[in-house]
Amino acid sequence: MEKSEEEKIVIVGGGICGLATALALHRKGLESIVLEKSEKLRATGACIIMQPNGWRALHQLGIASKLRQTALPIQSGHYITVKDGKHTDLLVGNGGECRCLRRSDLMKTLAEELPPNTVRLGCKVVSIKVDANTSAYSILHLHDGTMLMPRVIIGCDGVNSVVASIVGLNSSRHFSTCAIRGVTHYQTLHPFGTAFYLFDKDGVRLGLLPINHNDVYWFLTRKLTSTADSMVSKDQKLIKESTVEAIKGFPNHITEMINNSDVDSLHLTDQMRYRAPWDLLRTKFCKGTVTLAGDALHAMAPFLAQGGSASLEDAVVLARCLSQNMGIALDPTGMKAARAALDQYAKERKMRVFWLSLETFVVGTMHDTSALLLENHTWYPQHV
């Protein structure tokens with residue numbers, strides 16, 4: 001038997017963007033619930049590169065100072081072509097604050113700042129009914145028979161978003177590049193200080209960023225070999241073996257870093273997905289009182305290391321728009337206010353995420369991205 005519950009704001013997806021959106025709303029005095037289909041919060045991927053705009057958003061959320069204690073500032077960048085040993089200095093983070101955070105640290109910090117019972121685990125959305133033309137509530141049906149009727153639904157359910165299809169966005173696409181990520185722990189101080197390094201050889205790029213004085217996050221990008229990579233991605237030992245094979249000829253200390261990496265941290269993404277920038281221009285970001293944020297809206301693959309920072313921006317802007325509009329008078333149901341807020345959010349975010357997505361698309365589709373990556377000696381990171 002179905003049971004009905006009314007909620008003001010429901011967030012679908014308990015990843016970084018979902019938790020950040022709930023926290024941003026909480027800071028503005030707005031209640032929300034987060035529906036996460038998993039039985040526990042998951043931090044897919046070892047780390048996240050946080051760019052200056054991400055830190056500004058974290059400051060707005062009130063957790064920047066706490067997270068700074070967990071990660072070193074990245075103060076310089078170095079691009080090295082392996083074959084000739086040529087060394088080029090890179091400007092990191094456009095000269096602003098850049099750090100490499102463990103995703104688990106970010107998720108934990110976001111979750112700890114939320115009011116009790118904000119996150120509901122094991123809640124899978126089965127269907128969504130949206131009325132875009134009247135003041136009727138949207139309806140969420142959950143797997144356990146619960147029916148929610150919120151004023152606002154925010155889809156933060158990632159690159160394969162169910163909510164995105166409701167809003168009208170086309171399915172995400174993928175590049176022909178795969179990415180491998182991992183973390184290596186050094187018993188004594190690692191040799192990289194506070195610098196980012198990017199090694200390049202025959203289309204294989206390996207980058208590394210210190211997390212702290214003992215832990216280093218590394219990533220490798222190379223051409224996708226579909227069937228083989230799909231099989232390797234399911235076995236972390238095979239991921240390590242394939243990585244070592246891919247970096248033959250790289251400096252010995254890099255090979256040693258991969259060999260000593262934590263097997264449990266290894267992850268291979270065999271389909272790096274993105275949302276086509278022209279889709280973002282053609283599609284309204286909301287339908288009725290349903291909208292999107294984070295990868296559900298602008299999955300942009302990792303080439304600019306902006307997916308996470310842009311998602312935090314979404315959270316802050318969306319909360320501000322809802323806060324400014326929820327006080328509209330003569331609106332007993334709150335639907336007029338919700339629509340006004342989401343329209344404002346879409347207007348503010350459309351061109352911002354379009355340009356980020358377009359730049360990512362250009363870099364991701366270039367045959368030889370070296371010139372783009374080093375233009376003006378500015379680092380465009382390869383992985384988030």
Side-chain angles (χ1 to χ4, degrees), residues 12-13 15-18 20 44-51 53-54 103 155-181 198 203-205 207 219-226 229-230 233 267-286 291-315 346 349-373 375 378-384:
V12 181
I16 289 173
C17 185
T44 303
C47 294
I48 181 169
I49 299 168
M50 195 59 63
Q51 302 274 29
N53 55 314
R103 285 178 178 264
C156 299
D157 49 339
V159 66
N160 296 312
S161 170
V162 173
V163 184
S165 62
I166 301 297
V167 172
L169 272 178
N170 291 331
S171 299
S172 58
R173 310 164 189 228
H174 62 86
F175 292 108
S176 58
T177 303
C178 74
I180 300 172
R181 300 162 290 178
L198 181 62
V204 176
R205 288 192 175 88
F219 57 85
L220 179 142
T221 58
R222 59 170 172 78
K223 197 73 174 176
L224 176 67
T225 58
S226 64
D229 284 325
S230 181
S233 68
H267 183 82
L268 187 153
T269 303
D270 60 348
Q271 290 192 334
M272 295 168 62
R273 293 197 165 273
Y274 68 96
R275 189 80 67 191
W278 49 90
D279 285 344
L280 295 175
L281 279 184
R282 292 187 304 210
T283 308
K284 193 175 180 181
F285 286 13
C286 49
T291 194
L292 304 167
D295 284 348
L297 174 62
H298 49 64
M300 58 181 73
F303 297 105
L304 299 186
Q306 272 292 348
S309 294
S311 296
L312 295 175
E313 284 184 0
D314 293 341
R349 294 303 289 164
K350 174 160 284 194
M351 295 312 298
R352 168 65 169 162
V353 299
F354 166 74
W355 286 114
L356 285 174
S357 297
L358 180 61
E359 191 171 2
T360 300
F361 174 77
V362 171
V363 174
T365 51
M366 288 293 289
H367 240 332
D368 179 7
T369 59
S370 295
L372 266 172
L373 289 167
E375 184 179 0
T378 300
W379 168 45
Y380 290 94
Q382 293 293 287
H383 198 73
V384 177

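These numbers come from a predicted model, not from an experiment. No hydrogens, no waters, no symmetry mates; every other heavy atom, side chains included, goes into these values.
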Please examine the side chains of [Y] and [X], heavy atoms only from C-beta on, and report whether any two atoms are closer than 4.5 Å.
X	Y	value
Leu220	Arg181	no
Leu297	Thr291	no
Val162	Val12	no
Asp279	Arg173	yes

For [X] and [Y], which heavy atoms make the closest approach, and how far apart are they?
X	Y	result
Ser309	Gln51	OG-N, 3.2 Å
Leu312	Gly54	CD1-O, 3.9 Å
Gly294	Asp314	N-OD2, 2.9 Å
Ala296	Gly155	CB-O, 3.5 Å

Once you round to the nearest 0.5 Å, how far does [atom1] of [X] lie from [atom2] of [Y]?
X	Y	atom1	atom2	answer
Lys350	Leu280	NZ	CG	8.0 Å
Tyr274	Phe361	OH	CZ	5.0 Å
Thr177	Lys223	OG1	NZ	6.0 Å
Arg273	Ser171	CZ	OG	8.0 Å

Is there a donor-acceptor contact under 3.5 Å from the side chain of [X] to the main chain of [Y]?
X	Y	result
Asp295	Gly307	no
Thr360	Leu304	no
Arg103	Ala46	no

Pick from Leu292, Val167, Leu169, Val353: which one makes a side chain to side chain contact (heavy atoms under 4.5 Å, CB included) with Phe285?
->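 Among Leu292, Val167, Leu169, Val353, the one meeting side chain to side chain contact (heavy atoms under 4.5 Å, CB included) with Phe285 is Val353.
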When you check the side-chain N and O atoms of Arg275 and His298, is any donor under 3.5 Å from an acceptor?
->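 Note: Arg275 and His298 side chains miss the donor-acceptor criterion.
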Gln306/Asn53 under side-chain contact (heavy atoms from CB on, under 4.5 Å): CA gap, chis, key distance, verdict = CA-CA 9 Å; Gln306 272 292 348; Asn53 55 314; 2.9 Å; yes
Count the heavy atoms of every other residue, nucleotide or ligand shown that sit under 6.0 Å from CH2 of Trp278, and state whether that count exceeds 12.
->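 Result for CH2/Trp278: enclosed.
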Can you list every salt bridge (Lys or Arg N to Asp or Glu O under 4.0 Å) pair that touches residues 296-311, not counting sequence neighbours?
-> none
